[in-house]
Amino acid sequence: MNHLIRNILKVVTVGLMSTSMLLTGCQSSENADPITRSNLKLGTLVGITIHDSQDTQLFNILFDRLDAIEQHMSLNIKTSEINAINASAGIEPVQVSEDTFEVIQSSLHYGDLSKGAFDSTIGPLVTLWGIGSDNAKLPSQAEIDTKLPLIDYNSVILNIEDKTVFLPLQGMALDLGAIAKGYAADEMYRILDENKVNSAVINLGGNILVKGRKVDNTPWRVGVQNPFDTRGAYIGVVSISDQTVVTSGIYERFFELDGQRYHHILNPATGYPVNNNLASVTIITSKSIDADAYSTVLFASGLEAGLELANGSNEIMAIFVTKDKKVYVSDGVESIFELSDNNFILQ
Ligand code: FAD
Ligand code: MG
């Protein structure tokens, strides 16, 4: 299928999923209708809905900020800072803006926390596989072997004072696809907060961050995506306020060859898609950058290590769905999550 059409179809699917993921219910009749704007950003459909203000000018500020983040961190924009860092790998450090530096710094922290299962220097392997693009292919072992020595988040050199980033080997490449959407969602929250908005929903292609509560002072209800259904079906609902819900899974970007599915979360040690019994991991926490990173970290770590990480953290809650439709939850989830699809079994 033509790449452009496939991308549009993906966006439509994501758009439908996002809308039906939110089960917000009706607003009180005393309140004006919420205002909303949607746009394609960061390779996905971004929707922001404000429930307690009629100031549509805010959308210009919000979407300008998203533009700036995209200009800095997108691999699809030739002049981005990330592409400048990658082009200077093995040659020289590159000075970047505060936001790019902060996201890279955070990505390296998640490398440590996951013992390397999360590695933002995964770029050469992401390009080799091309999963999610028209160039998706099963690489040869020899091709993978040439890329593996380039994947090493530990070797990235940051200079905090000068805000420079240096990749020491030519061919190394950063990819912030697992973390930057979370950062962008937090920036949307910050801007809404500065502008005294207390009731809003930020939706970055299904990564949800809610501000405050609904105008009737009840929590937001957000559906947890069914990883076996791309059309917005949810397995259950979490009730949250001032929190974020982010999912990583095998259903987001993948291709199939000879009956085998190859998805987009790669194992930095083997160079192949992470191969475990998980279909998806959903994180609930307060900061979306953490939710985005942790969803990938726990997916890449697998059920056992992932549950241990979640239960060892005071910050996050996690919902794991396995390929055989079992649902495992970390401490605290039971009080906010209702499983509604009885094809899934809560363990
Ligand atoms: P996540 O689980 O959060 O992340 C998976 C992604 O992280 C993979 O796709 C890969 O990029 C990377 N990754 C894989 N394995 C690992 C690992 N072990 N450790 C760390 N990272 C790993 N997509 C487009 O199609 N077109 C665009 O124009 C486009 N622009 C973008 C601009 C920006 C600034 C960003 C951040 C992303 C952009 N994307 C674009 C990508 C897309 O929107 C998603 O961010 C991406 O596909 C993964 O997000 P996810 O939530 O689906 O999965
Ligand atoms: Mg992620």
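Order of listing sets the numbers, starting from 1, for every ligand and every atom in it.
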One finds that the ligand 1 atoms under 4.0 Å from a non-hydrogen atom of S248 are 1 (P), 2 (O), 3 (O)
Near T296 (heavy-atom distance under 4.0 Å), the atoms of ligand 1 are 1 (P), 2 (O), 3 (O), 4 (O)
Does an N or O anywhere in S120 fall below 3.5 Å from an N or O of ligand 1?
no
Examine T44 against ligand 1 and note whether any of their N/O atoms are separated by less than 3.5 Å. no
Between D112 and Y153: side-chain donor-acceptor atoms closer than 3.5 Å: yes
Contacts satisfying side chain to side chain donor-acceptor pair (under 3.5 Å) that involve residues 332-347 (not counting sequence neighbours) are R221-E338, D341-N343
The atoms of ligand 1 lying under 4.0 Å from a heavy atom of D175, numbered in the order shown, are 10 (C), 11 (O)
Note on the Mg ion (ligand 2): protein N/O/S atoms within less than 2.8 Å are A178 O, D292 O, D292 OD1, T296 OG1
Counting both backbone and side chain atoms, is some N or O of I265 under 3.5 Å from an N or O of ligand 1?
no
If we number the atoms of ligand 1 from 1 as shown, the ones under 4.0 Å from a heavy atom of D292 are 3 (O)
| said: For A293, state whether at least one heavy atom is located under 4.0 Å from any atom of ligand 1. | reply: no
Would you call D242-K287 a salt bridge at under 4.0 Å N-O? no
So is there a nitrogen or oxygen of I179 less than 3.5 Å from a nitrogen or oxygen in ligand 1? no
* How are the rings of F255 and Y262 set relative to one another: parallel (under 30°), tilted (30 to 60°) or perpendicular (over 60°)? -> parallel
A180 heavy atoms within 4.0 Å reach ligand 1 at atoms 36 (C)
inquiry  = Please report whether ligand 1 has a polar contact with L266, defined as an N or O pair separated by less than 3.5 Å (distance criterion only).
reply    = yes
Before signing off on this row, confirm whether I69 and ligand 1 have an N or O atom pair separated by under 3.5 Å.
no
*asked:* Between the side chains of R190 and E194, is the shortest nitrogen-to-carboxylate-oxygen separation below 4.0 Å, so that they form an ion pair?
replied: yes
Applied to residues 165-181, the side chain to side chain donor-acceptor pair (under 3.5 Å) test, sequence neighbours excluded, yields none
The remaining residues in the hydrophobic cluster of I345, counting side-chain heavy-atom contacts under 4.5 Å among Ile, Leu, Val, Met, Phe, Trp and Tyr, are none
